[in-house]
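Excluded from the calculations below are hydrogen atoms, water molecules and symmetry mates; all remaining heavy atoms, backbone and side chain alike, are included.
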Amino acid sequence: GNTSEDYLKILQSVPTKRPVTYMRVSRAGNSSKLSLVEKGLCEDVHCKSQELVIKEQGIYLIFCQLNFHFPNCSKSPIDLKIELLVNDTVNRQTLSTLCASETCQDKAFKTLFQIHLTHLDVQDRISVTLNHPQFLNDVSLPNENVLGVLMYRDGM
């Protein structure tokens with residue numbers, strides 16, 4: 001399977017003048033908002049510490065892949081919620097419940113992927129929040145937690 005490093009190389013080789021961003025994300029202390037890591041691709045989008053700022057109006061494809069690690073299997077279900085925010089307002093969210101199973105030994109892993117197609121204006125800010133940031137697996141799979149933005153069509 002392709003890794004985020006493979007996807008980054010593919011995106012970098014595509015001849016385009018359109019805005020494109022593909023950045024690693026990680027936990028920011030106790031904050032529910034994820035931080036951008038200075039590794040990736042950020043063209044024609046302003047990449048700040050916890051958000052992407054759009055420089056050109058248009059239709060954008062926003063995607064986020066996050067990996068979670070539960071070091072101790074819980075006896076009770078855990079609800080994981082990812083929220084894609086545009087200007088600090090929830091624009092899309094994903095909710096997934098991790099339930100303990102008989103096959104669960106000492107730890108469990110889960111990957112969540114979110115994709116969203118939306119119109120964005122100049123200066124719109126995009127960020128991601130988690131209800132349980134402590135479970136984000138940024139140790140054994142640090143390069144696989146990514147936030148990306150691709151312009152699908154300009155604003156015309």
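Counting heavy atoms from C-beta on, the side chains of F68 and L130 come closer than 4.5 Å. Between H119 and D121, the closest side-chain pair of non-hydrogen atoms falls below 4.5 Å.
In this structure, a donor-acceptor pair under 3.5 Å is absent between the side chains of D138 and N145. No side-chain N or O of Q50 forms a donor-acceptor pair with one of S127 less than 3.5 Å apart.
Between I82 atom CD1 and L112 atom CG the span is 4.5 Å, to the nearest 0.5 Å. Expressed to the nearest 0.5 Å, how far CG of L147 lies from CD of E51 amounts to 11.0 Å. Within the model, atoms CD1 of I54 and CD1 of I126 stand 3.5 Å from one another, a figure rounded to the nearest 0.5 Å.
Side chain of N67 to backbone of N137: no donor-acceptor contact under 3.5 angstrom is found. Judged purely by atom type and a 3.5 angstrom limit, D44 has no side-chain atom pairing as donor or acceptor with the backbone of E56. Side chain of Q57 to main chain of L120: no donor-acceptor pair is present (N/O by atom type, distance under 3.5 Å, no hydrogens or angles).
Note on F63: it clusters hydrophobically with L41, by side-chain heavy-atom contacts below 4.5 Å among ILVMFWY residues. Linking Ile, Leu, Val, Met, Phe, Trp and Tyr residues whenever their side-chain heavy atoms come within less than 4.5 Å places V146 and I115 in a single cluster. Transitive grouping of hydrophobic side chains (ILVMFWY, heavy atoms separated by less than 4.5 Å) keeps L52 and V122 in distinct clusters. Residues L85 and L34 do not share a hydrophobic cluster, clusters being chains of Ile/Leu/Val/Met/Phe/Trp/Tyr side chains in contact below 4.5 Å. V53 and I59 are assigned to two separate hydrophobic clusters, defined by single-linkage of ILVMFWY side chains at heavy-atom distances under 4.5 Å.
Q134 pairs by the side chain to side chain donor-acceptor pair (under 3.5 Å) definition with H132, not counting sequence neighbours. Under the salt bridge (charged side-chain N to carboxylate O under 4.0 Å, His left out) criterion, K110 pairs with no residue at all, not counting sequence neighbours.
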Problem - Steps toward side chain to side chain contact (heavy atoms under 4.5 Å, CB included) verdict (L150, I62) - result: CA-CA 7 Å; L150 295 168; I62 305 169; over 6 Å; no
Exercise for the section: Report the C-alpha separation of V128 and V25 in whole Å, then their side-chain angles, then the decisive distance to 0.1 Å, and conclude whether the side chain to side chain contact (heavy atoms under 4.5 Å, CB included) test is met. Expected result: CA-CA 9 Å; V128 179; V25 291; 5.8 Å; no
Exercise for the section: Show your working on side chain to side chain contact (heavy atoms under 4.5 Å, CB included) between F135 and I78 and close with a plain yes or no. Expected result: CA-CA 10 Å; F135 294 127; I78 297 172; 4.3 Å; yes
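Pairing each heavy atom of L66 with each of C64, the nearest pair is CG-SG, 3.7 Å. Here the shortest heavy-atom pairing between S26 and V37 reads OG-CG2, 3.6 Å. Minimum interatomic distance between Q65 and E144 (heavy atoms only, all atoms of both residues): NE2-O, 3.2 Å. Smallest separation of non-hydrogen atoms from Y60 and V149: CD2-CG1, 3.2 Å. For K33 against D88, the heavy-atom pair with the smallest separation is NZ-OD1, 3.1 Å. Counting all heavy atoms, side chain and backbone alike, M23 lies closest to T21 at CG-CG2, 3.5 Å.
By the 30° and 60° cut-offs, the orientation of the rings of H69 relative to F109 is parallel.
Of the residues K81, Q93, E83, the one that meets the side-chain hydrogen bond (donor to acceptor under 3.5 Å, both in side chains) test with T129 is E83.
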